[in-house]
Amino acid sequence: MSAFEQVREGGFSALDAALIDAFESIWPDSDKAALHVAALNSWAVGRGHSCFTPELLAEWPSSTEPGSRERAIRAWHEALRAGAWPQADFIGTAAGDSPIVVEGERAWLRRYWRYEREIEAALRERAIPFTTMPAAGEVAQALDALLPRADAEETDWQRVAAVTALRAPLTVICGGPGTGKTFTALRVLALIQQFAGCPLRMVLAAPTGKAAQRLAEAAQLGLQQLPLSEDQRAGLPSEAMTLHRLLGFHPQSVQPARDASHLLDLDVLVVDECSMVDLPLMAKLLRALKPECRLILLGDPDQLPAVENGAVLATLAAQNLRNEQSVESAQWLADTQAANVESGSGISALGARIVRLERPRRFGGDSGIARLVRAIRLGDAGQVFASLTDSEDIHWSEQPWRLDSAATRAALRESWQGLAAAGSPQEALDCLGRYRILCALREGPRGVAGLNQAVASALHGALAAQMFIAGRPILITSNQHALGLYNGDVGVLLGEHADAPLRAWFARRDGGVQALLPAQLPPHESAYAMTVHKAQGSEFDTVELVLPDEPHPLLTREWLYTAASRARTQLRIHASREVIAAALQQRTRRINGLRFD
């Protein structure tokens with residue numbers, strides 16, 4: 001029986017099985033246990049990890065079959081748990097060229113081992129402070145103009161982040177929803193430009209099209225609030241692009257046009273929503289940067305990690321969980337009058353480049369949503385349920401959300417009525433940020449497919465069966481560089497005026513609108529409901545959060561945190577106490593071998 005025929009009998013995918021067949025054809029005398037280990041590495045990557053460790057075997061699907069293959073797998077797994085790796089020509093140490101690298105209790109596909117070592121080396125190098133710094137007094141004066149001290153009794157971590165960015169080519173600004181990461185980054189750019197002495201090439205980027213659009217919108221609004229002259233504002237970036245576009249990826253290639261041999265001509269790069277940047281993409285980005293290019297990473301390490309492999313930001317942020325400072329960094333902060341903070345000798349150069357913003361600014365720090373998000377992050381079930389029951393801006397129902405009820409259908413029509421009734425495409429696009437249904441699953445009555453169908457029926461009745469109908473929000477599901485549309489972009493079907501033919505309208509990066517004929521649309525789906533993963537990088541005035549009826553492996557603390565923090569002013573949660581409690585106890589795991597300490 002071939003590996004492909006064995007797929008359904010175990011936990012391996014067709015891709016994992018193909019690896020077994022490939023290795024067996026190259027090394028025909030290989031031990032079956034060694035081939036199984038090779039496939040386990042591919043299996044781990046498919047589950048979002050960058051390497052395999054025996055602890056992952058706890059996730060292997062259990063089998064009670066009495067066959068010899070099942071007995072052999074159990075024996076192989078017991079040997080791995082005991083630390084005994086099988087021997088084979090394709091398994092070796094990092095010093096060799098074997099496709100499987102084993103170090104201690106971890107094994108990697110060599111490509112992922114290389115990605116991790118490249119990221120470690122590149123970030124450590126960028127964490128080394130500059131040999132010369134601007135005069136502390138001048139920095140203090142500029143800082144007071146850009147970021148006046150908010151509270152003399154409390155450390156202003158935005159000021160700390162801004163001044164920290166002047167010390168080295170790397171700055172990592174972490175923070176929860178609404179803590180002002182983009183606000184701070186713009187002031188960092190203004191400070192860097194002020195002390196550069198010459199115009200700098202600066203770029204804003206994000207991992208997805210939607211995140212890039214939001215970053216551009218925030219930058220354009222934030223630039224107008226900066227106390228700068230028009231000439232000074234003109235020197236700062238107001239547009240943003242995806243990392244794939246920045247690096248020159250093409251649909252037919254996994255390798256970008258920009259790499260170590262074709263470096264990006266940049267002086268400063270800001271990357272937002274870094275929690276969504278996977279391990280391979282981070283490695284390829286760092287390869288393409290000049291050594292002197294300043295890299296500013298923004299993100300929330302407590303959010304869901306990238307769908308693909310690794311959790312680079314979370315691993316990096318773990319190097320400084322308590323906003324501690326090295327002796328040198330603390331002295332620099334004091335000299336520039338940014339803040340007086342305690343120092344510790346145990347903080348590495350890389351740890352000193354990490355600053356966490358702590359005060360929510362999007363919604364009030366005492367709002368129900370803010371309290372809920374904080375409690376979820378800490379895993380405090382008591383505070384989570386207290387926030388759910390005692391907050392004016394949160395409505396929690398333990399009953400399943402019934403779309404066949406008259407009250408629910410009326411509420412849906414009220415929430416979505418602005419789309420079809422919009423007086424212009426721009427007005428309709430503005431409506432898209434007011435309300436959204438978020439869920440965990442793709443299929444089933446509580447999943448994207450079922451909810452989109454049910455909502456369309458509630459809104460449009462018999463017309464819901466039509467593919468193109470006025471007022472239908474749509475979500476692009478693939479990158480289309482030629483059209484300027486990317487996976488995750490959201491638009492709306494609408495006529496430009498009452499008698500005009502239907503068009504698909506999308507917001508452009510420059511603040512305008514873009515129209516496409518329905519026939520021009522790339523792969524897409526309805527966007528009445530979307531998964532929380534797709535909603536990362538987005539915010540909505542009101543979020544309708546619909547959870548499954550039973551606990552599910554996808555429902556984790558990070559998922560719940562990300563979902564709740566998408567709401568600006570109103571959060572409605574439909575879930576039982578049991579499902580919420582189970583999600584708080586379950587963590588999203590991304591095992592990797594990154595070593596920054």
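Because only heavy atoms are used, hydrogens play no part in the values below, and waters and symmetry mates are left out as well, while side chains stay in.
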Nearest atoms (heavy-atom pairs only) where [X] meets [Y]:
X    : Y    : result
H49  : L56  : NE2-CD2, 3.3 Å
L521 : A504 : CD2-CB, 3.6 Å
A375 : Q383 : CB-CB, 3.6 Å
A535 : F540 : CB-CE1, 4.3 Å

To the nearest 0.5 Å, atom OG1 of T588 lies from atom CG of L554 at 8.5 Å

Starting at CH2 of W505, measure out to OG of S424 and round the result to the nearest 0.5 Å. 9.0 Å

Looking at residues at least two apart in the chain, or sitting in another chain, which of them share a salt bridge (Lys or Arg N to Asp or Glu O under 4.0 Å) with R159? D144

Taking 4.0 angstrom as the limit, do [X] and [Y] come out as a salt bridge?
X    : Y    : value
E558 : R377 : no
K181 : D272 : no
R572 : D393 : no
E539 : R214 : yes
E525 : R442 : yes
E154 : R149 : no
E544 : R436 : no
D541 : R568 : yes

Note, E358 side chain near N323 side chain (heavy atom, < 4.5 Å): yes

Taking C-beta and beyond as the side chain, do L372 and L388 meet within less than 4.5 Å on heavy atoms? yes

Are there more than 12 heavy atoms of other residues, nucleotides or ligands under 6.0 Å from atom CD of Q453? no

If you draw a 6.0 Å radius around CD in E392, do more than 12 non-hydrogen atoms from other residues or ligands fall strictly inside? no

Under the side-chain hydrogen bond (donor to acceptor under 3.5 Å, both in side chains) criterion, do D16 and S42 qualify, and how do the steps go? CA-CA 6 Å; D16 307 332; S42 175; 2.6 Å; yes

Would a distance-only check, ignoring hydrogens and angles, find a side-chain to backbone donor-acceptor pair under 3.5 Å from [X] to [Y]?
X    : Y    : result
Q426 : V513 : no
R187 : F183 : yes
S50  : G310 : no
N452 : V448 : yes

Across all chains, not counting sequence neighbours, the side-chain contact (heavy atoms from CB on, under 4.5 Å) partners of A428 are L419, A422, V492, L494

Ring-plane angle category for W60 and H77, please: parallel below 30°, perpendicular beyond 60°, tilted otherwise. perpendicular

Would L547 and W559 count as a side chain to side chain contact (heavy atoms under 4.5 Å, CB included) if you check the C-alpha gap in whole Å, the side-chain angles of each, and the deciding distance to 0.1 Å? CA-CA 11 Å; L547 277 65; W559 183 93; 3.9 Å; yes

Could I get the full list of side chain to side chain donor-acceptor pair (under 3.5 Å) partners for H395, not counting sequence neighbours? none

For the pair L316 and V172, evaluate side chain to side chain contact (heavy atoms under 4.5 Å, CB included) and give the outcome as yes or no after the intermediate values. CA-CA 9 Å; L316 186 58; V172 183; 3.6 Å; yes

Donor-acceptor contacts, no H, no angles, side chain residues 578-585, under 3.5 Å, sequence neighbours left out:
none

How would you list all residue pairs meeting side-chain hydrogen bond (donor to acceptor under 3.5 Å, both in side chains) that involve residues 399-416, not counting sequence neighbours? R402-D404, S405-T408

What side-chain hydrogen bond (donor to acceptor under 3.5 Å, both in side chains) pairs are there with at least one residue in residues 458-475, not counting sequence neighbours? H460-Y528, R472-S526

Go through the steps to decide whether L493 and I469 satisfy the test side chain to side chain contact (heavy atoms under 4.5 Å, CB included), and finish with yes or no. CA-CA 7 Å; L493 292 168; I469 184 170; 5.6 Å; no

Run through L223, V270, L189 and flag the one making a side chain to side chain contact (heavy atoms under 4.5 Å, CB included) with P237. L189

Quick one about R371 and S391 (side-chain donor to acceptor, distance below 3.5 Å, no hydrogens or angles considered), yes or no? yes

When you look at L412 and L403, which way does the side chain to side chain contact (heavy atoms under 4.5 Å, CB included) test go after all the steps? CA-CA 9 Å; L412 283 171; L403 275 79; 4.1 Å; yes

